[in-house]
Structures are given as structure tokens and as C-alpha cells.
2 protein chains.
Amino acid sequence: VSYSLSGFCFFFVTCKYNVNIFPDFHSPPEENEDPYNLHDAPKNLDYVVKIKGGIPFVYDNKEMMELNEPRSLPYPDLETYILDLSHVLALIADGPTKTYCHRRLNFLESKFSLHEMLNEMSEFKELKSNPHRDFYNVRKVDTHIHAAACMNQKHLLRFIKHTYQTEPNRIVAEKKGKKMTLKQVFESLHMDPYDLTVDSLDVHAGRQTFHRFDKFNSKYNPVGASELRDLYLKTENYIGGEYFARMVKEVARELEESKYQYTEPRLSIYGRSPDEWLSLANWFIKHKVYSPNMRWIIQVPRIYDIFRSKNILPSFGKMLENIFMPLFEATINPKDHKELHLFLKYVTGFDSVDDESKHSGHMFSDKSLNPDLWTSEKNPPYSYYLYYMYVNIMLLNNLRKERGMCTFLFRPHCGEAGSITHLVSAFLTADNISHGLLLKKSPVLQYLYYLAQIPIAMSPLSNNSLFLEYSKNPLREFLHKGLHVSLSTDDPMQFHYTKEALMEEYAIAAQVWKLSTCDLCEIARNSVLQSGLSDKEKQKFLGVNYCKEGPEGNDIHKTNVAQIRMAFRYETLCNELSFLSDAMRTDEISTLSE
Amino acid sequence: VSYSLSGFCFFFVTCKYNVNIFPDFHSPPEENEDPYNLHDAPKNLDYVVKIKGGIPFVYDNKEMMELNEPRSLPYPDLETYILDLSHVLALIADGPTKTYCHRRLNFLESKFSLHEMLNEMSEFKELKSNPHRDFYNVRKVDTHIHAAACMNQKHLLRFIKHTYQTEPNRIVAEKKGKKMTLKQVFESLHMDPYDLTVDSLDVHAGRQTFHRFDKFNSKYNPVGASELRDLYLKTENYIGGEYFARMVKEVARELEESKYQYTEPRLSIYGRSPDEWLSLANWFIKHKVYSPNMRWIIQVPRIYDIFRSKNILPSFGKMLENIFMPLFEATINPKDHKELHLFLKYVTGFDSVDDESKHSGHMFSDKSLNPDLWTSEKNPPYSYYLYYMYVNIMLLNNLRKERGMCTFLFRPHCGEAGSITHLVSAFLTADNISHGLLLKKSPVLQYLYYLAQIPIAMSPLSNNSLFLEYSKNPLREFLHKGLHVSLSTDDPMQFHYTKEALMEEYAIAAQVWKLSTCDLCEIARNSVLQSGLSDKEKQKFLGVNYCKEGPEGNDIHKTNVAQIRMAFRYETLCNELSFLSDAMRTDEISTLSE
């Protein structure tokens, strides 16, 4: 027991550097403001930045750089991270700790069952007497969705047909120096868009994609043709990503009309070149992609190995530099990077994406090569990616905070498949994870995620097509125990059938798991809390005191979550925490008296 | 074995009087035709009708009635029905037959699995190369839905609020001789519609309704107030059912816009009074409720006992007379019943509805009192209701066929709960049933329903809230074995969350059971076949040869069902039937040689 408790002591420490309690997000522009105003960039500071061994160093000026005296921006160094990692790894493998956590989780589940049996009707009574607010008009955020799959298959089909009907003779691509019209593109693929159906489009995941992430990835190619993916689903192509922007904006218009739904689509930055950022910012500004109902997240695919094998990159360090250097520059000298500075106002976080089930042969340790020396074709392991992204984001955030600029959350995909150690890395570094399925397999980690209330954006329909049957999905169980879960769609293009993907996600969860209205509204409230919506918006959607814990932080008139439920959650969490701190005190006393 | 085979001999016989192979439905009016044209009623025949002991007799004229010489309109008499009933009851309880059917059903399921493993990709390839048709634009019919719950909860809420905003001072009700405005109605209920939410509306089924049909029924009362049910969800009230008609028409407009969806809503005839029909027809005509995407079914609640106990009816015979006499009259003398004659063009069948789990103490036999003598407050059993409805519908159909008028199907709720003997009664009498869940419990009945290809409209989301968890629903298994199943919503108001209830039903089935596109399109095709759409429409939606069996009857360009699938279904059914007929022949020979 004493080991497990010291483990939890450790938890109280790590947990401190883990959770970014007050993230700073940019409030959306007022109605009379221009969301694309490039002229309010703050002054340049002319700091100098260098990314060395994957770690950014910021100097006041060139002289300071030569003296090697960087500005003090705190971050956990590699030794600390590796040490913490090994601590948690030991903790989750420790027998007594496992038993302890397993029992606490069982207790939490039974306690909720009891709560439900006793208070279900009272909760519903509270909701029934709550005027003008129900599940349909509480705010919901789709906390995990990829922009390139944010439209459903029918929408994409209709859009392709529409472009073909209205502008067949427009030049839309260039192949081997030859310009091609839309008509020629389809001719080269031997197809007539009139005959196209969702079947021949073939972007929907089916039984064939189960445990086949590779097949799933190829579903991003309409009709199996990467040409169409490039033309319709990319921000960089001959037409400057116009088609993609138009579709994204159609999705945005629907959200704005539905009024209560928000979404956080992921756009890719690959790290092949430092120009990607400017290009993305220009795409955003040129096509006026801003929507009050969308907040953007940047996803970085973990595919260094592919770029390295094609000799696009010399080292992993260069990839990190390509990803983060432009951000430091735009933060330090916004007047020289007006477009990127503007775009970053609407970006609220970073995601790390790829197939987690791919096994990595490398074990991250303090003996691992640093990113500049990582020049082999082998892909670094998950924990390595996470540490270096985390450090860069943290340093960037510190710098931006100093300047009063908005900061970024780190919200990696984690625990969808593969090793449960991914969840350990994310526990130390992430503000928020997507999936978290594998918490099912580790009681200690699950309990830690509960105690730290780390938000988890779950997508059971996505899992159902890829990794875990719907009925086996742990969402319901996590919700009951009190983990901070939300519902998200991941890829409406691949998974959903109806026009309202997020509602479909909620409806199926409600039906299959018989969730009550209070459950649904609790999930919706969680989704707003987890999201990158600004403080101002959260106050509007959840109540002015939303930062406070327990029923005090809940405005039932806005959230439609029963206060009885809020009180139960709060008391339960306090109880678990005080139980632990009491035990630790006893432990200290007994250690002292020994 | 010989008993079981003779049982199946019997099946081949009964099956003949069971299935109405060529029902006659009225083709919808052309675009330039007036759907409410009252002037094309055929001439009166002045036959005389008498319903005696629950059986209608039609005479050429008064004289023939006095001579007691009715026209010859065939129907199975009570003795035959009771005998057949006892035959099938013996069959489903016979050990060897049970084993035999159980094995055949297992075989059918395994055979489909094999088919799927071998041909899944080929089926999908067929669909991919099928131009311009996919799951979204094949026709789907919602084969089982109650008109009073055909809008979703949000729709009803919006409608109530809208009426309150636009016409608060309209007189909409009369209570104890006092006329009341809409405002006064809400005041008397102590509520302000502005504050109303889907929670306080409380029409959605939840965990509380599981195995509680009584609670479910009370969900038809918005805010628990029967006043609002009367005002908004009834065809007969102070405002002549205007609100209800307006909502139904809003649902119809959405269907017409979506283009590919049709629905068969149930309207109630209770049998309290013979005037109900005229009132319903007038409601239909006055509010112009006709929609090309709707075909109507009349539901008769099995609640004689309630009317009897309130002394509204003297006997069960009177209830039958109230239900059927007006139909005979409108059929014989349409010129005197123009409204009803018109309305009946758009009615395609009868449903029998109520809580099947209510146990009936009475065992139907040839010693049971006939309907005219059934004057006690006890409700007749399910089989009694079904027989008398069946006979009346059959005689009515025969008469209407003689006159070239459209006929009616008998499509009772059956096998949702209660005794499996209901499925025996329906096997002998129904064209088509709703639910059929309990076929799960009887291999013999399930096999018989398979052999006779009796259509089953299943509503797994409804079952999930009332009688059987989604994951345990047999729909997937029935579909695999080749039973003729369709998907339907039952009560969108109580069960569904999204705006597109039928799509929600399909989406959830597709996701939870991982149905392929071919599966979904097969279900959609079944739904059109089962429906009351006219021959002309079925030709248009399924192909001109839709009546033919096997791949010949399938036009993939219209149905998007792979021919490989059609061939598999056809061969499998032929194989089962020839297997039986071979065995019967062998059986006859061995009997002869004994």
C-alpha cells in the first residue's frame, strides 16, 4: 500500500504540470468586426529563436544567443519526463495499486448505479421544470473531427456532381506540366460524375475496415483516386483548395443555422516544409473560411518515416523545426507574419495523429538520440513525438502568454489502439485526448484520468468501424464512473449516415445505452468545457461561473444538467481525493513514527 | 417425421388462403387530377347488408334477405379457422417438427454467413458499378408508424409554441359547455408554452417505459395532459382536427421534399359509433391531408372491454358492425357515401393494435360465444379479434373486387409481446405483421413465416424502449435467414431524436449490426414490396417485373440490390420448398407401399 500511495503523491505532483487550468483562447470577433483584419498585429519584438535538439530556445537578441543566455521559459526537461514516465509505468504495473484502483473504479460505478436508482426521477423532474432549455438547445461541441472528412458522403457526392455540372471546363489540375480541366480529370479516371453514387464514391467505412487502419486511410480517396482527394479535400492544390474551402463552409453554414452545434475540425501540418503554415493561413483568409461555430485544431501526422524515406527531411529535428519555427516567428514578429498571426487566433490546439496500432521498435529513454541526430528512416515512438510536441507547445504558449496572445492546447489522439503506454505519455503531457478506449485495459490509468479529470473526446461510431464493437465501447461505463467524456464524430464522411452527424452520434448512444436526458446534457456540457471555445462563449453557454467546481459552476438554465447530478459528481470526486490525501497523511505519520 | 411432414402438407394448404398475392391498390392521382374529386363515385347497387354474429351477409335485395339467400362471397368459417388454429398449435408444439425447423433455420443462417464471406465483395462491386443509384436514392417505405406520433418530439414542441404565438385567442375547445381559447387552455393547465421544452413535454419513451406499455401509452399525452392530446393529436375535436392535420401535412411535405421516402401512417377507428368513418373522411378531405408519399392504414384498438364497461357498446358484435358496416355501405352505394368512398381510395389496410402482453383468460374455440352474444365486460382474446376482423375484411375485399374497387390488406401488430399463439392466428389471417419479435421463441413458426415469406415490419428502436434491448433484437438474424423484413419507426415522437426518423432507424441498424449497403437496400426493397403502394408505383420504384420471383424480378438500376443476393435468396427458398415437397412425395410413396 505504501508504494501505491507514494505513487499517488507523485500523481498530485505530476498532475500540477499536466493540466492547463486557464487556457487563453481568442474571443470570436463581434458581429461588426472583420474576422480577417490583418492590421491589428502587435509590434515585433525581434527576439531570436533557435530549435536545438528539438527544444526551442528564445533569446532577447543575437548577442544573447551568442552568449547562450536564452530567456527563461520553463519546461520539463527530458530527464524529468523520462523519470516521470518510468514512475507512472511502474505505478500502473504495481499489483496492489492495480487492485486498489480496480476497487475504487468498481465502487464509483456502483455508486453511480445507486445514485441513478434513487435520483433518476428527481433529476428528470428538475429538468422538466427547467424552462426553455432541453437537450435540443443546449450547446454541443464536436470535440474531435477531421476537416477533410467533416462533410458526410452524400454531401461530398452532391458537391462533386455540382462542380462538374457548373464548371466542367475550369482548369483545376496540372499533371506533368499539362493543365487539365475538371472534365479532363474525370475522363482520365474513366468516369462520368452523373453516374457517381455513394457506393462508387466508396468513402464509407464498412466491415472491411475493422482493424484495418490502412484500408480506412485509403477511404479518404474518393473512388479510390488520390487525384480527387487532392482536388476536393486538400487545402493545397492547383485551385488553392477552393473546393475544399467551399465544402467546409457549407458545413459551417449548416452549423450556424442549427445554432447550438459547434465543431473543432483538424487541419494538417505535416512538417515537410516551413511554408505549410503560410499556405494554410492564406487558404483560410483567401476563402474566408472563418465561422463562429468552428474552432480549428492543427493535426500533425506521425509520419516522419515516410518523409525521411523519400528524402524530404534530413532528421526528425528538421520536422519539428518546420512545424514550430514559423509559430515562434509569428509570435515574436507578428507584423512580419500577419496572415499566420491572424489564422492562429482561430487555432486552439494541436493534435497528434496516426495509426496507434503500429508497433514501434524503439523504447524512449534518456539514451535515445535527440531529434537533430534522429536521421534514420525509423519512426520515433509515440512517447517521443508527444514529448517534443509538448515541449514546443509549452514554450510557445509561455512566450505567447507573455505577449497576451492566445495559447494552444495539446489534444493528441491517444488510446485508440496499440500500447497502453501511449496513455501514460498523454497523462503527463496532454490537456485532453481523443478516444481513450484503452483506459478500459488499465485500472490505474483509468483511475488517474478520473482523478485528474482529463477530458476524453470519444467517438464510438468510429471505433465501431475500426477497433471496437459499439456494444463493447466503454463510453457508458466511463460516463457513469465520472470520467470527463464527450461525444464526437471523428469522420462523418466515413462513419455517419444522416445529415446531422453529431446528432446521429448522440442519438445512437442514447438509444443503445439508454442514456437519460441528464446524461446527454452532461456529455454536451463536458464537450463545451473541453473545447477551445473562449471564456466569453463558455460563460454564455454554461453560465458565468462555469469555472467553479460542483453545482456552483452549473447554470441549469443554460446546460439542462440537473444540480443533483452536479452535486453527486462533485461530492464523489472530493471524496476520492480526500480519501487519498487522508491516507497519505496517515502514511506520513506512520513513516515519521517508525 | 411423418407427423411433421403432414404438418407441412397442411402448411401448403393454409398458406394458400393466407397470402393475398395480388392486392389491388388505388394508383395515386396524376398531377393534373384532383385528389379530392367526389364526383367519380360508381353507381349504387342497393344491395342489403346485415352483420350477424360478427359475419357480414350481402343480399341482392330485401327479398333475398328475407329468403335468407346471401350472395356467395367465400370466407373460412369459424370451424375451419378453429381447426386450422389447433393444427398449427399442435405443429409448433411437436418435438420432431421443432428440431427439424430449428435445424433448417440454423442451416439458413450458416448458409447466409457463407454467402456473405464468399460474395460480399462481389455484391459490393455490383453496386459500385450500378450507376446513379445508392442507398440514399432507393425508395424506402416506413411500413409501420402511428399518425398520432409521426412527428418527432421537437416538431410537436415547435408546433405547439407556434400556435400559441400566432393564435392565442382562437377558441379551440369546449369544456362543460364553456368555450375556451388556446390561451385559456394553457392557463387551465398552469403553463406558459414559451417555457415548454421537450423535457416538460415528456412524450419521449425512456428507461421508465421498458415493459410498461401503460406508461408508454400515457406518453401520447403532451405534458401528461389529455387536453393537449385531444387538441393536437386527434382528428375529432372542437377545431375539427385542424392542428393534427397541419402537423401531419408538415411531415408529408418533408417526405415529398426528400423524394425517396414514403410512409404508411395508422389512423384510428374505434368502433364506438358508425359515424367515426364519415368524420375521419371529412377530416381528410376538409384539411386536404392527401400526400403522394403517404398511404393510410386504419388501426382498430382492441379495447372493447373499456367501451363495454362505460356502457358505450352493448356487445362485441356491435363494435364490429360500427367498424365494418359503413364500409360495406360505401362499397355498395358509393354515391350516397362520396366522402368515405373517396377516403377509402387512399386506405390500403387494417391494423389491430394494443398491448399484446395483456393476458386474456378466454380460450377461443367453437364453443366461444359469437360476437352478438359477447356482452360481458371481458375483452375477447387476440385470436377472436383477428378472426372476425379477417372475415369482415375478406368479405369486404371480395365485394370490392367485384366492383373493381381497391382492396385492403390485414396488417395487425403481432408478436411484439405476450403469447406466441398470436403469431399462429396471424399466420392464418394476416397479409403482413408488425413486430414479429416472438418468432425468436418458436422455430416452427419462424420457419413457417420464412416459407410463406410473410412480410414483417420491424421497429427495433421501439422494441428497445418497450420490450427488447436493441442488441438482442432478432432483425439481423431474420434478415440473414431470409425472412421478409423491413424497418419501420412505429412512433417517431416517442423514440427518435433526429429530424429523419426512418433514416435514424436505418443508420442505427447499419451501425450496430454492421449491415452492408446491399443489406440496407434489400430491406428498403422489402419495405416497398410490403407496402400499400400501387402496382404502378412499385413498377416505377422496383422495376416492371417486380412481381416475378428471384433476380428476374429485380431491377438493380432501381433497387440497388445485387443480383447475386437476389439469386441467393431465390435459390435458397426454392431449395427449402423443393426439399419439403420431395420429402412429402417420398412420404406418400412410403405410405402407399405400407
Side-chain angles (χ1 to χ4, degrees), chain A residues 116 120-121 124-137 153-154 157-158 191-192 194-202 204 206-208 210 223-224 460-461 464-465 469-471 495-500 503-508 510-518 520-521 560, chain B residues 116 120-121 124-137 153-154 157-158 191-192 194-202 204 206-208 210 223-224 460-461 464-465 469-471 495-500 503-508 510-518 520-521 560:
Chain A
E116 204 171 40
E120 187 176 13
M121 295 318 291
F124 192 51
K125 212 176 140 194
E126 241 189 289
L127 302 189
K128 274 168 78 167
S129 62
N130 180 29
H132 205 61
R133 191 68 61 190
D134 58 37
F135 170 66
Y136 289 92
N137 62 17
Q153 53 176 350
K154 184 76 181 164
L157 179 71
R158 220 183 314 113
M191 70 175 74
D192 178 352
Y194 177 80
D195 292 336
L196 216 55
T197 65
V198 299
D199 299 331
S200 48
L201 200 63
D202 198 14
H204 218 246
R207 281 179 292 213
Q208 275 71 37
F210 203 61
V223 209
L461 286 177
N464 184 51
S465 288
E469 276 170 37
Y470 203 94
S471 57
F495 304 125
H496 297 73
Y497 285 87
T498 67
K499 287 174 214 150
E500 305 170 275
M503 279 304 284
E504 185 175 337
E505 197 78 42
Y506 274 93
I508 297 182
Q511 302 274 14
V512 174
W513 291 316
K514 304 207 172 175
L515 301 181
S516 69
T517 308
C518 190
L520 292 175
C521 293
N560 206 40
Chain B
E116 203 170 41
E120 185 176 14
M121 295 318 291
F124 191 52
K125 213 175 140 194
E126 240 189 289
L127 302 189
K128 275 167 78 167
S129 62
N130 180 27
H132 206 62
R133 191 67 62 189
D134 58 36
F135 170 65
Y136 289 93
N137 61 17
Q153 53 176 350
K154 184 75 181 165
L157 179 70
R158 221 186 311 113
M191 70 175 74
D192 177 352
Y194 177 79
D195 291 336
L196 215 55
T197 64
V198 298
D199 299 332
S200 48
L201 201 62
D202 198 14
H204 218 247
R207 281 179 291 213
Q208 275 70 38
F210 204 59
V223 209
L461 285 178
N464 184 52
S465 289
E469 277 170 36
Y470 204 93
S471 57
F495 304 124
H496 297 73
Y497 285 88
T498 68
K499 287 174 214 150
E500 307 169 273
M503 280 303 284
E504 185 175 337
E505 197 78 43
Y506 273 93
I508 297 182
Q511 302 273 14
V512 174
W513 292 315
K514 303 205 171 177
L515 301 182
S516 69
T517 307
C518 191
L520 293 174
C521 293
N560 206 41

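Numbered from 1 within each chain, the chains take letters A, B, ... in sequence-line order. Predicted, not measured: the structure shown is a model, and the values here were computed from it.
- Between Leu515(A) and Tyr497(B), the shortest heavy-atom distance links the atoms O-OH, 4.4 Å.
- Between His132(B) and Tyr194(A), the ring planes are parallel. Angles under 30° get that label, and only those over 60° would be called perpendicular.
- Atoms CZ and NE2, from Phe135(B) and His204(A) in turn, are 10.0 Å apart once rounded to the nearest 0.5 Å.
- A side-chain donor-acceptor contact under 3.5 Å links Tyr136(A) and Gln153(B).
- Residues Leu157(B) and Asp134(A) form a side-chain contact, since some pair of their non-hydrogen atoms from C-beta on lies under 4.5 Å apart.
- Under the 3.5 Å distance criterion, with hydrogens and angles disregarded, no donor-acceptor pair is assigned to the side chains of Asn130(B) and Asp199(A).
- Put simply, the side chain of Gln511(A) gets close to the backbone of Phe495(B): a donor and an acceptor are under 3.5 Å apart.
- Proximity to chain A (any heavy atom under 4.5 Å) is shown, for Thr498(B), by both the backbone and the side chain.
- The candidate from Val223(B), Asn560(B), Thr517(B), Asp202(B) with the greatest count of non-hydrogen atom pairs under 4.5 Å with chain A is Asp202(B).
- Side-chain atoms of Leu127(B) and Thr197(A), non-hydrogen and from C-beta on, never get closer than 4.5 Å to each other.
- For Lys154(A), there are no side chain to side chain donor-acceptor pair (under 3.5 Å) partners two or more places apart in sequence or in a different chain.
- Side-chain contact between Met503(A) and Lys499(B) is absent, with no heavy-atom pair separated by less than 4.5 Å.
- Contact of Ser516(B) with chain A is made through backbone and side chain together, with heavy-atom distances under 4.5 Å.
- Between the side chain of Asp195(B) and the main chain of Pro131(A), no donor-acceptor pair closer than 3.5 Å is present.
- Contact annotation for Glu116(B): only side-chain heavy atoms (C-beta onward) come within less than 4.5 Å of a heavy atom of chain A.
- To the nearest 0.5 Å, atom OG of residue Ser200(B) and atom CZ of residue Phe124(A) are 8.5 Å apart.
- By the side-chain contact (heavy atoms from CB on, under 4.5 Å) test, Lys514(A) is found to be paired with Arg207(B), Phe210(B), Asn464(B), Glu469(B), residues two or more places apart in sequence or in another chain being considered.
- In terms of heavy-atom pairs under 4.5 angstrom with chain B, the leader among Val198(A), Ile508(A), Leu201(A) is Val198(A).
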